[in-house]
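For reference, the structure discussed in these notes is given below.
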Amino acid sequence: QVQLVESGGGLVQAGGSLTLSCASSRSRFIAPMAWYRQPPGKQRDLVARITSDGSTNYANSVKGRFTISRDAAKNTLYLQMNSVKPDDTAVYYCYAFWFGNDYWGQGTQVTVSS
């Protein structure tokens, strides 16, 4: 019932910035959402999350560097990544919890060069 599509990934130099987007197929989509990431050969971990009322939470590794936000009018979730590090290299996934179900995007690759 909900499709999530990530975009904005790519190659970026260490210290640079990148913005990821996650577009939802459903209008007026109000649900808890999050960004996860999975480095090569490692588990998928939470990066940042945002509740339906706008409260946010970040992994310690990205605090002060990444910002999660939502544009309600566009039904789009964002992750602003600043001061990126090589350890940020991973596939980034958009997540939503809606009416008792988990929804995942297909992921977008972020590669940070040193």
Side-chain angles (χ1 to χ4, degrees):
Q1 291 184 317
V2 178
Q3 296 182 51
L4 304 174
V5 180
E6 303 97 335
S7 62
L11 178 65
V12 61
Q13 293 180 325
S17 298
L18 199 66
T19 300
L20 306 183
S21 299
C22 172
S24 171
S25 64
R26 188 171 292 272
S27 62
R28 294 181 292 178
F29 184 65
I30 302 175
M33 299 186 73
W35 287 99
Y36 286 75
R37 68 185 181 186
Q38 186 169 16
K42 299 181 179 179
Q43 66 181 20
R44 185 178 300 185
D45 291 326
L46 176 69
V47 176
R49 60 189 175 195
I50 186 168
T51 67
S52 57
D53 66 359
S55 298
T56 59
N57 179 265
Y58 298 91
N60 288 334
S61 60
V62 306
K63 284 183 178 178
R65 300 189 297 118
F66 292 7
T67 302
I68 187 172
S69 62
R70 180 183 358 225
D71 187 330
K74 296 182 178 180
N75 304 302
T76 301
L77 183 74
Y78 299 97
L79 184 68
Q80 177 65 49
M81 307 167 61
N82 296 325
S83 302
V84 296
K85 305 175 181 179
D87 284 348
D88 295 324
T89 295
V91 177
Y92 284 71
Y93 296 91
C94 179
Y95 166 86
F97 182 76
W98 189 74
F99 274 71
N101 292 314
D102 298 310
Y103 295 91
W104 293 92
Q106 292 301 306
T108 184
Q109 176 71 48
V110 173
T111 302
V112 181
S113 61
S114 59

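If you're wondering where the values come from, they're calculated on a predicted model, not measured in any experiment.
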Once the angle between the rings of Trp104 and Tyr93 is folded into 0 to 90°, is it parallel (under 30°), tilted (30 to 60°) or perpendicular (over 60°)? perpendicular
Close side-chain approach of Glu6 and Tyr92, heavy atoms under 4.5 Å: no
Per the side-chain contact (heavy atoms from CB on, under 4.5 Å) rule, which among Val84, Leu18, Val91, Leu79 passes with Val110? Leu18
Modelled atom types, side-chain donor and acceptor of Ser113 and Gln13, under 3.5 Å: no
Please evaluate residues Val47 and Tyr58 with respect to the criterion side-chain contact (heavy atoms from CB on, under 4.5 Å), reporting the C-alpha separation (whole Å), side-chain torsions for both, the decisive distance (0.1 Å), and the verdict. CA-CA 6 Å; Val47 176; Tyr58 298 91; 5.9 Å; no
Does Gln38, at its CD atom, have more than 12 non-hydrogen atoms belonging to other residues, nucleotides or ligands within less than 6.0 Å? yes
What are the two closest heavy atoms between Trp35 and Tyr78, and how far apart are they? NE1-O, 3.2 Å
Quick one: does Leu20's side chain get under 4.5 Å of Arg37's, heavy atoms only? no
Is there a path of hydrophobic side-chain contacts, each under 4.5 Å between heavy atoms of I/L/V/M/F/W/Y residues, joining Phe97 to Leu77? no
Under 3.5 Å, side chain of Asn101 to main-chain N/O of Tyr103, donor-acceptor pair present? no
Shortest non-hydrogen contact from Val112 toward Pro86: CG1-N, 3.6 Å
Rounded to the nearest 0.5 Å, what separation is found between the OG atom of Ser69 and the CE atom of Met33? 11.0 Å
Note: Ile68 and Ala34 closest approach over all heavy atoms is CD1-CA, 4.2 Å
Without swapping roles, check the side chain of Arg70 against the backbone of Thr51 for a donor-acceptor pair under 3.5 Å. yes
Residue among Met81, Arg65, Gln80 satisfying side-chain contact (heavy atoms from CB on, under 4.5 Å) with Ser17: Gln80
Please give me the minimum heavy-atom distance between Gln109 and Ala90, naming the atom from each residue. NE2-O, 3.4 Å
Is there a path of hydrophobic side-chain contacts, each under 4.5 Å between heavy atoms of I/L/V/M/F/W/Y residues, joining Phe99 to Leu4? yes
Ser24 to Val2 - nearest heavy-atom pair and separation: OG-CG1, 3.9 Å
Can you check whether Gln1's main-chain N or O pairs, donor with acceptor, with Arg26's side chain at less than 3.5 Å? yes
